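Bear in mind the structure is a predicted one, so any value in this text is a computation, not a measurement.
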There are 2 protein chains.
Amino acid sequence: MGEIQNRTEMILDKLKEKGHRITPQRLVILRTLVESQNHPSVEDIFAKVRVHFPTTSLATVYKTISVIKELGEVLELEFSGHNRYDGHKPYPHPHLLCVKCKKIVDPELSSLAPLTQELVSDTGYRILSHRLDFYGICPKCQN
Amino acid sequence: MGEIQNRTEMILDKLKEKGHRITPQRLVILRTLVESQNHPSVEDIFAKVRVHFPTTSLATVYKTISVIKELGEVLELEFSGHNRYDGHKPYPHPHLLCVKCKKIVDPELSSLAPLTQELVSDTGYRILSHRLDFYGICPKCQN
DNA sequence: CTGTTTGCAAATTTTTTGCAACCTA
DNA sequence: TAGGTTGCAAAAAATTTGCAAACAG
């Protein structure tokens, strides 16, 4: 149990190892990233930190995300004017986005392995990572 | 033959139909989008138009892309600070990017249909589009 | 002619950077 | 105490918008 706590501790250790310091703001930002299931935006994270530390600046949020990104512990989903972050599963995986309510979920796709296999066989590429985003309308928003 | 010309004509007709006007700048922007195999950025397109019309502004490029996007004749690939455009195949399709030589190819993936099917069955979403980018190293760059 | 488009500049939006004061280790 | 971090403001970078002059139909 405490998988999220363990992951948080692990990242904190990594931070210390690299000579980074653990500030109260960073702790909240890190926890928000690790606990969030819904791929928060910078503004989302900013809002959450502000609850506990009202003087926190956006710059600090950006800087902290940047540090955690260097550790490979958060996945950045690039969108033109609104990046989202996944600190829960910081490795490439498929996303399913509802274009109406903007929710993002992680579907389980057993067919992904065969697809990647086909890609490798057909092209001879060595695959390093991927970005698989599906856009649609979730069951709730279909009404 | 003349597939690209045909597509260009078709889009021009669509533009006229909707009450848009065909200006020389728009013609060059449109041709660049339709002919490009390399998913050009706004700056790429801007540079090409400038060759023929040195007074063209970036705003015009953005506005024209926006209009063509409304017609559904260009695909926008969102990156945080550098969108790319595909006016050659303006519908969602997988991309395979070599991280070394930056080449982009369009792989044929017969496994994509079953994967989408699995997604629909599992989640109940109505899928509207997708973005599938694979990052890897092409055969040539593996040496 | 009429109304759309252009091109310039200013405004927006997201993210980055510089730096003095501050705080963690 | 030393040096990384914060928070403010200014700077970048990409895109959008307002508007008068230009131009397509």
In whole angstroms, how far is the [atom2] atom of [N] from the [atom1] atom of [X]?
X     : N      : atom1 : atom2 : result
B/E70 : C/dT5  : CD    : P     : 10 Å
B/I65 : D/dT15 : CD1   : P     : 9 Å
A/L27 : D/dT5  : CG    : P     : 14 Å
B/R84 : D/dA14 : CZ    : C1'   : 15 Å
B/K18 : C/dG3  : NZ    : C1'   : 19 Å
A/R26 : C/dC22 : CZ    : C1'   : 14 Å
B/L58 : D/dT17 : CG    : P     : 15 Å
A/E76 : C/dT16 : CD    : C1'   : 13 Å

Would you give a per-nucleotide map of nucleotides 20-25 of chain D, 5' to 3', where B means the base has a protein non-hydrogen atom under 4.0 Å away, S means only the sugar-phosphate does, and - means neither?
----BS
Go along nucleotides 7-14 of chain C 5' to 3' and tag each nucleotide: B for a protein heavy atom under 4.0 Å from its base, S when only backbone or sugar atoms are that close, - otherwise.
BB-----S
Surrounding CZ of B/R31 (heavy atoms of other residues, nucleotides or ligands, distance under 6.0 Å), is the total greater than 12?
no
State whether B/R84 and B/D86 are salt-bridged, where the test is any N-O pair (Lys NZ or Arg NE/NH1/NH2 against Asp/Glu carboxylate O) under 4.0 Å.
no
Salt bridge between A/R7 and A/E73, side-chain N to carboxylate O under 4.0 Å?
yes
Between B/V42 and A/V67, which residue's closest nucleotide on DNA chain D lies nearer the 5′ terminus?
A/V67
With the side chain counted from C-beta on, respond yes when A/V42 and A/Y85 share a heavy-atom pair under 4.5 Å apart, and no when they do not.
yes
Side-chain contact, heavy-atom cut-off 4.5 Å: B/L77 with B/H95?
yes
Describe, in one word, how the ring planes of B/H39 and B/H93 are oriented to each other, choosing from parallel (under 30°), tilted (30 to 60°) and perpendicular (over 60°).
tilted
Would you check, one step at a time, whether the test side-chain contact (heavy atoms from CB on, under 4.5 Å) holds for A/I127 with B/L96?
CA-CA 9 Å; A/I127 303 301; B/L96 182 50; 3.8 Å; yes
B/L109/A/L115 under side-chain contact (heavy atoms from CB on, under 4.5 Å): CA gap, chis, key distance, verdict:
CA-CA 7 Å; B/L109 288 176; A/L115 182 130; 4.1 Å; yes
Is the Lys NZ or Arg CZ of A/R26 less than 6.0 Å from the centre of A/F53's six-membered ring, within 45° of the axis?
no
